[in-house]
Protein chains: 2
Amino acid sequence: MTLLESIVKRKETYKRGQLLFRAGERFDFIYAIRGGSVKTSVCTPDGRVQITGFHIPGEVLGLSALALGQYSSEARALETTSVCRVEAARLDELAQKIPSLQYQMMKIMSGQIRQDEELMLLLGRRSAEERLAEYLIGLSRRFAARNFSPTQFNLSMSRGDIGNYLGIAEETVCRILTRFQNAGMIATQRRHVSLIDLRQLEAVARMKPAA
Amino acid sequence: MTLLESIVKRKETYKRGQLLFRAGERFDFIYAIRGGSVKTSVCTPDGRVQITGFHIPGEVLGLSALALGQYSSEARALETTSVCRVEAARLDELAQKIPSLQYQMMKIMSGQIRQDEELMLLLGRRSAEERLAEYLIGLSRRFAARNFSPTQFNLSMSRGDIGNYLGIAEETVCRILTRFQNAGMIATQRRHVSLIDLRQLEAVARMKPAA
DNA sequence: GACGGCCATTGATGCAGATCAAAACGCATC
DNA sequence: GATGCGTTTTGATCTGCATCAATGGCCGTC
């Protein structure tokens, strides 16, 4: 990633709500996020949408387009976001020059698959409370990894987005957040969240009898 | 894939229920399925399981292990299955000799990501009936691609497996299959399925108001 | 060919979470 | 600082599907 960045200097910024790419479009670029955040989503022919991920700086978007030469999902900025854009056509060239690049890309994709598997597990087998607890913990970890506070952060996505991502209704997200708050596990005010009792949150995320 | 097969001749066979690899194990091999079928699954610390895919001949397993050097999921034969096993350690060597190999692998992974996104859409946003209809249609397509009958086939997985994969209960799978049968869309007897009215099935898979 | 285990099917009941409805709040614009 | 819109929150009701329970069918084993 940092490697890519050092090679290709093409930067772009997107404002909240702007599209980076949409599903079906020709695969021209991969995107490395430098600042801000992005959501990716897929949709059914009849218009229902599933958000497949929220992406923060340091992550790479667009590689799933490789197989068919067109993007499989759409990507939209959640806030003002700056990216580093790399022409897909130049990737082959670059890979020739930098042998480790292809390996890096494979690692990224491999990691994406792993992450998707986790999400499937979440969507298929867990209660709404577990999903939300897991979600908050996951965010906390990701922020920690970027040297931000793991216990105090701002959500760049709406309750509706969170619900969609987790496969639950917007209202249920609110209700459960309230429940967590009453239990003294978190505090929220609008999009700002404080995780107060991470241990208890983890207990919620991992409880329930076996299947 | 065929490329791989031509290079590395290491073949193995597994009987119904045998493990190819399990989650957390060191990443030693990738597997190309030659005959039979395999299910892959991930699980929560507390033992709940989510099946992430059913795999048929021509498909490659294990690439998601690349990122962390260990398998993220487990793979188990659904019936007698023969595979072509390639040492992970040799992949780098091979990639040096055959430039297109890495590209092929990336394509496979990219395709896997795409497929996972579809499954997430399925798990997150669709009713049990739609899921099952979609599932049958998907199987039909895959069989057709391998020059098997797209309307008559045997399921190598149990109702329980199907339910787990689709995020619904075993009993619900049965009930809906019965419903489809009563509606004249399919006929089932035990693991043999005939798709009678594919058009109607497609209608079920894609209906319902938008979100 | 009878026993035992697994898988499939069907029925009855309960609940988590969707959906519908409406109020309260924050934020941007004028 | 009033207006209006999008977001969040809370309440009431409804329902799809899980869960519990029981029976029946198939297949392998002795």
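So you know, we letter chains A, B, ... as the sequences are listed, proteins then strands, and number each from 1.
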Listed nucleotide nearest any side-chain atom of B:R191, set C:dA8, C:dA18, D:dC17
C:dA8
Tell me what B:A128 touches on the nucleic acid: a base, only sugar-phosphate, or nothing, going by heavy atoms under 4.0 Å.
sugar-phosphate
Starting at CD of A:Q189 and ending at C1' of D:dT7, how long is that distance when rounded to a whole Å?
15 Å
Nearest of C:dA8, D:dT8, D:dA21 to any side-chain atom of B:C174?
C:dA8
Sugar-phosphate, base or nothing in reach of A:R175, heavy atoms under 4.0 Å
base
If only atom types and distance count, is the side chain of B:R125 paired as donor or acceptor with the main-chain N or O of B:M120 below 3.5 Å?
no
Whole-Å gap separating P (C:dC6) and CZ (B:R16):
11 Å
Checking side-chain polar atoms at under 3.5 Å, does A:T40 have a donor or acceptor matched by the opposite partner on A:H55?
yes
Assert yes or no for the condition that the ring centre distance of B:F54 to B:Y165 is strictly below 6.0 Å.
yes
Quick check for you: among C:dG26, C:dA8, C:dA21, whose closest atom lies nearest to any side-chain atom of A:E171?
C:dA21
Between A:I168 (CD1) and D:dT8 (P), how many Å, whole number?
14 Å
Starting at CG of B:L132 and ending at C1' of D:dA18, how long is that distance when rounded to a whole Å?
16 Å
Check the phosphate of C:dA16 against A:T172, side-chain N and O only, distance under 4.0 Å to OP1 or OP2. Yes or no?
no
Is there a donor-acceptor pair closer than 3.5 Å between any side-chain N or O of B:R131 and the backbone N or O of B:L123?
yes
Give one of base, sugar-phosphate or nothing for B:G163, where a contact means two heavy atoms less than 4.0 Å apart.
nothing
